[in-house]
**Q** 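Below is the structure I would like to discuss, written out as structure tokens.
Values in this document were obtained by computation on a predicted structure and should not be read as measured data. Chain letters run A, B, ... following the sequence lines, proteins first and then strands; every chain starts at 1.
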Amino acid sequence: MDNNDLKVMTFLAYKNLTKSKVTFMVIVAVMAMSFLSITFFASIIDGLGYEFEEGMIRGQTGHLMIEPQEDELYIYDSAKLVKNIRRIPEVVGVARRQDASAVARHENIEIGNPVLFIEPENEKHVSDYWNSVLVGEYLSQRDTEELLIGANLVKSYAEEGDTQKRFDVDVGDRITLSFSNGFVKEYKIKGIYKTGSRFVDDKIIINFDQYQAIFNSTDDVASNILIALPERGMEEYYTREIIDLGVSEQINQWQTKMGAVNQFVGSLQITNQITGTIGLLTAFATIYIIIFINVTNKRKQIGILKAVGIKKQIILGSYVLQSFAYGITGVIIGNVVMQLLLLLLSIHPLNMPIGPVIPILTTERLMVTSATLILASIIAGFFPSKKAADENILDAIFGG
Amino acid sequence: MGRAIIKTEHLERVYINGAVKTYALRDISIEIKEGEFVAIMGKSGSGKSTLLHQLGLLDKPTKGNIIIDDHDVINISEKERTRFRLDELGYVFQSYNLIPELTAIENVYITPMARNFKKEEYEKMAEDILTAVGLNDRMYHYPSELSGGQQQRVSIARALVNKPKILFADEPTANLDSASSEDVINLFRKFNQEIGQTIVMVTHEIEEGEKADRIIWVKDGLLDMDKQQNI
């Protein structure tokens, strides 16, 4: 095939496309809708999975979580360790935590609760508690008599029909905490927080320094240390950097701390792959049928072109080129609409029980979907036009 | 008249449908000379169009040979037959068979374009031939915007634009009114007389056949009569 053949091929394809505008628009619309139907649902699922993970990272685990050695209850010399980790370039935040439990009491209601001891300022860099206070204020470093309470423990934030035991409290009310060692203290509610994650919003949060006072501990200890990194995917590198500091405690990446969430997100991803594959096959079949019918209707023209001496490869190429044009235009339009939807949903996220979810269209999914749809259109253009170009001229023209 | 530009030797075309064999053409041996205007006539189903399709390389005979312009056109590749149709032959079909997505001028210049002429050359060739068939004011119209007679004239222009050695026409007036039919036959006569165009036309109209130099009658797939006329 020489340059002139390509010229004739392009000319025929261009004329067919521009003269049959309705056909072009219908096929492109089907392509664009197929693209959207595959990518939109998948992006919501991906967004949901991401949000689950992010909720865990920003509430429970950080990107990296240092935990005591297997036979220890605490991380010792934790302040020094935090200081050393902060020296690693580009680490976004490092914060110590202590976990305990207490029986909380307000008026006649008593609830056994997890209590989280945090360093308020450091915590701001590793979690979203500071940004999730619905009413009242976040803790300051000096707050020793105040606490934050999760919205899941507060009656006024219960969903309709929810019968779980909750406190009928508001900011400024007092809650008495009884710890396992017999220590009892009354705290004032400084703020009510809600991150949107069920795993996080059922805690009572107190200043880290209170742990030593409550448990009469003089050691510089922590239950865990959370580390926030610039972004996901850098966990391996920073784990090595921390090991190089001589840290002998367990350094866990967020993925290993997900537990049930990991299984749930894994199930979502499998569901997404299955529905994505089915969606792709359906789109492939739909596009194939539409283009097949379109090209089959041009059988007579293919015969005429052959009769007047136009090479088979030129005819075939012109139909494949047309199909490619359908495919690429449909994918581009589908992608533009998808990007607009993503933009819209990033401004107005979907409200889900786990919190606001923004759909995510991964580059891989974008590439695979686009390539599959374009390939489907090319194949759909190739086979019927090859069949028509291969058949007897008279059969093609007169319908033999 | 010049040398033989078409020569067939014992041409046979058989259609096989299961166990049934239908002989569309049997033992046709004819010669057509360069510059001749030949009409192939016969009743419906006689095999006249089948003969034209074999001569025009639109179909392949079951047996026999066809020599066009001293080339054996049966024992050559499909690629060569395509090239031969483009360079040496022209077609006019009964139902015009124009490409609906192309304007009149585009329908005409698509073949010189495929022959690698430059844009200005093939446009000029198409304009000249469309003017010659009286369509200088309809060049940029689509087939759907033209009458049947005009479409057939575009079809004739497409067939002649490459100055083919032979023009084949398969019942070119069958879908036209009598005035348009006369125009088409007069055009054929004009090109035959003025530039010596060899024309082979299938028709079932006696009056049209009588305007040809020669009538070949086909009956039941056999050569029935070959009559030279004095025009």
**Q** So, are E53(A) and R232(A) salt-bridged, with charged N and O less than 4.0 Å apart?
**A** yes
**Q** Identify every side-chain donor-acceptor pair in residues 25-44 of chain A under 3.5 Å, counting partners at least two apart or on other chains, and give the distances.
**A**
{"from": "S34(A)", "atom 1": "OG", "to": "V30(A)", "atom 2": "O", "distance (Å)": "2.8"}
{"from": "S37(A)", "atom 1": "OG", "to": "M33(A)", "atom 2": "O", "distance (Å)": "3.4"}
{"from": "S37(A)", "atom 1": "OG", "to": "S34(A)", "atom 2": "O", "distance (Å)": "2.9"}
{"from": "T39(A)", "atom 1": "OG1", "to": "F35(A)", "atom 2": "O", "distance (Å)": "2.7"}
{"from": "S43(A)", "atom 1": "OG", "to": "T39(A)", "atom 2": "O", "distance (Å)": "3.2"}
{"from": "S43(A)", "atom 1": "OG", "to": "F40(A)", "atom 2": "O", "distance (Å)": "2.7"}

**Q** Check whether more than 12 heavy atoms from other residues, nucleotides or ligands sit under 6.0 Å from atom NZ of K43(B), and answer yes or no.
**A** no
**Q** Output the option from P100(B), G90(B), S95(B) having the highest count of non-hydrogen pairs under 4.5 Å with chain A.
**A** P100(B)
**Q** For the backbone of F93(B) and the side chain of Q152(B), can you confirm whether one donor and one acceptor N or O come within less than 3.5 Å of each other?
**A** yes
**Q** Are F117(B) and Y122(B) an aromatic pair by the rule of ring centers under 6.0 Å?
**A** no
**Q** At a 4.5 Å cut-off on heavy atoms, which part of N392(A) comes close to chain B: side chain, backbone, both, or neither?
**A** side chain
**Q** When only pairs under 4.5 Å are counted, which of R158(B), E78(B), K79(B) shares the most heavy-atom pairs with chain A?
**A** R158(B)
**Q** In terms of heavy-atom proximity below 4.5 Å to chain A, should I110(B) be classed as side chain, backbone, both, or neither?
**A** both
**Q** Sequence neighbours left out, what passes ring-ring contact (aromatic ring centres under 6.0 Å, His included) with F168(B)? Give chain and number order.
**A** Y91(B)
**Q** To the nearest 0.5 Å, what is the distance between CD1 (I156(B)) and CG (L135(B))?
**A** 9.5 Å
**Q** Please list, in residue-number order, every residue in residues 304-334 of chain A that has a heavy atom less than 4.5 Å from any heavy atom of chain B; write 'none' if there are none.
**A** I304(A), L305(A), K306(A), A307(A), V308(A), G309(A), I310(A), K311(A)
**Q** Looking at residues at least two apart in the chain, or sitting in another chain, which of them share a side-chain hydrogen bond (donor to acceptor under 3.5 Å, both in side chains) with T103(B)?
**A** E106(B)
**Q** Using a cut-off of under 4.5 Å for heavy-atom pairs, which of N162(B), L57(B), N97(B) has the most such pairs with chain A?
**A** N97(B)
